[in-house]
Amino acid sequence: MLTSKQRAELRSEANTLETTLMVGKEGVTESVIEEAKRQLDARELVKGRVLESSLLTSREACDALCEAVRAEGVQCIGSKFVIYKKSEKKAQEAAKQARAMQKKAANPVRRGAQERRRKAKEEREKRNEYFRQSAIQAAIERRNGKK
């Protein structure tokens with residue numbers, strides 16, 4: 001059951017949605033139910049419309065669809081309605097994204113320590129390369145001096 005705050009938030013999200021589900025003159029058929037299930041799995045929030053040739057009102061169509069797909073009715077205005085069903089697939093994707101963001105936003109102290117270690121390593125490598133080149137140069141000069 002949705003709370004009034006959840007319902008209000010879903011209504012505001014539904015304002016920008018396109019109408020993707022149509023209920024025709026035959027009413028709520030198996031094909032309409034299957035399409036509603038597919039859309040709810042993909043989006044969680046679906047906006048539908050009852051055509052004028054249908055014998056059902058938007059409230060009746062919304063209630064029938066909600067009962068068939070175990071969804072929640074969010075709103076019915078005129079010939080349009082909005083239904084919501086929490087999708088496990090979307091929840092898993094959101095959790096996966098949250099974990100990825102958490103990894104990116106690692107501990108700033110640890111990140112600073114890692115950055116300092118990286119800079120110190122670069123300095124050591126530069127210093128070692130300089131001394132290596134100096135030793136090579138000195139060896140070349142000694143060899144040329146003995147000849």
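- Glu141 is listed as a side-chain neighbour of Gln137, based on a closest heavy-atom distance under 4.5 Å.
- Gly73 and Cys66 make their closest contact through N-SG, 3.4 Å (heavy atoms, listed as atom of the first residue, atom of the second, distance).
- Residue Leu56 comes nearest to Gly27 through the heavy atom pair CD1-CA, 3.8 Å, listed as atom of the first residue, atom of the second, then distance.
- At a threshold of 4.5 Å between non-hydrogen side-chain atoms, the residues Ile33 and Val28 count as touching.
- Here salt bridge (Lys or Arg N to Asp or Glu O under 4.0 Å) pairs that include residues 18-40, with residues two or more places apart or in two chains, are Glu34-Lys37, Glu35-Arg38.
- Atom OG in Ser54 sits 11.0 Å away from atom CZ in Arg49 (nearest 0.5 Å).
- No more than 12 heavy atoms of other residues, nucleotides or ligands sit less than 6.0 Å from atom CD of Glu52.
- Here Glu93 does not pair with Lys90 in a salt bridge; the nearest charged N to carboxylate O distance is not below 4.0 Å.
- In terms of the side chain to side chain donor-acceptor pair (under 3.5 Å) criterion, residue partners of Glu122 (sequence neighbours excluded) are, by chain and number, Arg118.
- At least one donor-acceptor pair under 3.5 Å links the side chain of Ser87 to the backbone N or O of Asp41.
- Taking the side chain as every heavy atom from C-beta outward, Phe81 and Arg59 never approach each other to under 4.5 Å.
- Within 6.0 Å of CD on Gln133 lie more than 12 heavy atoms contributed by other residues, nucleotides or ligands.
- When all heavy atoms are compared, the tightest approach of Leu40 to Val46 is CD2-CG2, 3.7 Å.
- With Val82 as the fixed residue, the side-chain contact (heavy atoms from CB on, under 4.5 Å) test singles out one of Lys47, Arg11, Arg7, Glu72: Lys47.
- Thr19 places no side-chain N or O within 3.5 Å of a backbone atom of Gly48 that could act as its donor or acceptor partner.
- Annotation for Glu67: atom CD does not count as buried by contact number, only 12 or fewer foreign heavy atoms lying within 6.0 Å.
- Linking Ile, Leu, Val, Met, Phe, Trp and Tyr whenever their side-chain heavy atoms come within less than 4.5 Å puts Val69 and Val50 in one cluster.
- Contact detail for Cys62 and Cys76: the closest heavy-atom pair is CB-SG, 3.7 Å.
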